[in-house]
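One-based numbering, in listed order, for ligands and for the atoms of each. Worth knowing before you read on, the calculation uses all heavy atoms, side chains too, and leaves out hydrogens, waters and symmetry mates.
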Amino acid sequence: MSHTSDTHDQPLSSGIGRRRFLNSAAVLGAAGVGLVACKEDRTAGGGAASAAGGKAASGADAARGNVGGAGSVDIKPGQLDTHYGIWSSGHTGDVRVLGIPSGRELLRIPCFVPDALIGWGITNESKAVMGTNPDGSLKYHVGDTHHVHGSYKDGVYDGKYVWINDKINARLARIRLDYMVCDKITKLPNVQGFHGIFPDKRDPVDPKINYTTRVFCGQEFHVPLPNNGKNTNDPKQYHCLFTCVDSNSMKVKWQARIDGNCDLVATSYDGKLAATNQYNTENGVHYQEMMAAERDACLFFHIERIEAAVKAGKTTTLGDSKVPVVDCTVDANKDPKTALCVRVSVPKNPHGVNASPDGKYFICSGKLSPTCTVIELQKVLDWFDGKLASPDKAIVAEPEVGLGPLHTTFDGRGNAYTTLFLDSQICKWNIDKAIKKYAGDKTINPIVDKIDVMYQPGHISATHGETRAADGVWMAVGNKFSKDRFLPVGPMHPENDQLLDITGDKMILAHDNAVRPEPHDFILFKRDVLHTKQVYDINEFPLATKDPKDTGLKREGHKVTVRMTSQAPTYNPAEFNVKVGDELTIILTNIDKVEDLTHGFAIPEYNIQFLVNPGETKSVTFKIDKPGVFWYYCTNFCHALHLEMRGRMLVEG
Ligand code: RUQ
Ligand code: CUA
Ligand code: CA
């Protein structure tokens, strides 16, 4: 490793610089599994960039937060951020909302896992979204979110929804952005290791539908289909499913059975193509086998043809699932004129696939190859039309960017920014120059700039990066290791999300943001994309108690319902009587209409705590199993008499 500079190279006790030590360790890990060395001249770009990065990161510039054309990251007290960031949380299983550029965490939106603050997984409404067993208990308590993407209209975010995946249990969640709540979760049938997602950006056929109507979902871990305990030792029976979910109903529309696996997913701006990168075209079940081929692939799906096949009934079903499954295996799709999908080859075990904002290219990052592969979408369509001799002719560039390329984002000015996991750097490169070089002009160097990041970056996302409105202002990068960047807190380190100013030729490191492990992916957009509502419309809730005179207790045998309202600093009713053996449902409507006037509701000994925001209604159902006086009380500080905001549940002995 020949790193020039830098200011972070403080000696370890062994005498090896800290960055160098990290890099060597990472490379040693990968070298044994066939890592290809990078031949591109990295010293020029890399050296200069390292200097810039080192200066910004360590000097007073960064401390002042005054960095380049994007402005200051230093948001003064009382000032608002200019951008929103929506972050996937990883295995904390929720969604985070950040202010950018400050990096301040504004909200966590629970979806896949219970949340103690708002009572997600405790209220009946949240349980209905999350999914329950026949006995009413939650089906799942864990989740692993990776990828988060927003809904589109005309190729830009419309601010309606984001979708996020749960890799562990193959679930897709939708977040309503007006209230910033999860309103639906869909379980994908027969899928394990659900990883990449991407909404479509318009309809492949109907030009009037210029907005998102589908979400595509990739399966990373292949299994015998159906996965019923047979054929466990016959890898030929193993397949993955590429799933299409209706973005409105959140119902699964169709699935495509494929050879190999799906990793990340991208969609084209014309709605015609969706694609997934494949690192296991070998169908290997052990990692050595998954590394056997020199080239893997990016698998393109022809959406219009697939949906015509579904309509024509050219489908099968799997196990108990009624979802139609089309055949997208390699052998069934050799004829371009009828093929539903096609593989374009990409060097060994690629990672992310990203759509350039001009709508022309998908870019696959090499991971084990130091390259990015640029695929021209028109040429892929030409292949489907029988006009391209071989699918690989759609490759128009393969620049060498550095070691361990994982994900790419864009600035809307023709540049791509790729994270280099092993080099702990970001490479900024020019797409047109890379294409010219690939076409034969060897004098061209597509690498524009490189900068050190701390450390081992994965996802990267620039403001509006994967939309037609990519503006090249801020860029966030999610570093998988933070090492020495923050005060030590024992063995588990925070992650380091860094923010860079990308307005100039050189990237400038602007901010380190310690985050609770382990965010993966994120999107950044201007704050005016969103129009959130701070008070609920009471009509959103069929169970709402709108009139205080409708409060009170109703008994039907052992089933008891208490309709309650909260209005600072009281509950109405302030007491009620139930009996041991009753099944009690409390329906609480917060009739306070004042912004920020959130109440809580907790009952001792019954594992109940939840929040009700202004205008919101929530309910809980539980069995009364012991006599006594139980004070229900408000957990959320709401009023000078917040502590007095309580009432009695009286259970006769
Ligand atoms: S993957 S670090 Cu789960 Cu998003 Cu690429
Ligand atoms: Cu209501 Cu505190
Ligand atoms: Ca492979």
Check: Does Val346 reach the side chain of Asn277, with side-chain heavy atoms less than 4.5 Å apart?
Finding: no
Margin query: Run the side-chain contact (heavy atoms from CB on, under 4.5 Å) test against Val113 and tell me which residues pass, sequence neighbours left out.
Written below: none
Check: Got Ile258 and Phe301 here, is their nearest side-chain heavy-atom distance under 4.5 Å?
Finding: yes
Check: Less than 4.0 Å between a side-chain N and a carboxylate O, is that true for Arg96 and Glu495?
Finding: no
Margin query: Does Asp547, at its CG atom, have more than 12 non-hydrogen atoms belonging to other residues, nucleotides or ligands within less than 6.0 Å?
Written below: yes
Next item on the list: Determine whether more than 12 heavy atoms belonging to other residues, nucleotides or ligands lie under 6.0 Å from atom OH of Tyr633.
Entry: no
Next item on the list: Report, as a single number, the protein N, O or S atoms less than 2.8 Å from atom 5 (Cu) of ligand 1.
Entry: 2
Checklist line | Ligand-residue contact atoms, ligand 1 with Lys480, heavy atoms, under 4.0 Å | finding: 2 (S)
Notebook entry, point to check: Partners of Thr212 by side chain to side chain donor-acceptor pair (under 3.5 Å), sequence neighbours excluded?
Noted result: none
Check: What count do you get for protein N/O/S atoms less than 2.8 Å from atom 2 (Cu) of ligand 2?
Finding: 4
Notebook entry, point to check: Can you list the atoms of ligand 1 that are under 4.0 Å from a heavy atom of His195?
Noted result: 1 (S), 3 (Cu)
Check: Donor-acceptor pair, Thr276 side chain versus Asp263 backbone, under 3.5 Å?
Finding: yes
Notebook entry, point to check: Stepwise, does the salt bridge (Lys or Arg N to Asp or Glu O under 4.0 Å) test hold for Arg171 with Asp166?
Noted result: CA-CA 5 Å; Arg171 294 177 292 171; Asp166 165 25; 3.0 Å; yes
Check: How does Lys167 reach ligand 1, by side chain, by backbone, by both or by neither, if only non-hydrogen atoms under 4.0 Å count?
Finding: neither
Check: Is the His520 ring parallel, tilted or perpendicular to the His146 ring (thresholds 30°, 60°)?
Finding: tilted
Notebook entry, point to check: Is the centre of the Tyr140 ring less than 6.0 Å from the centre of the Phe112 ring?
Noted result: no
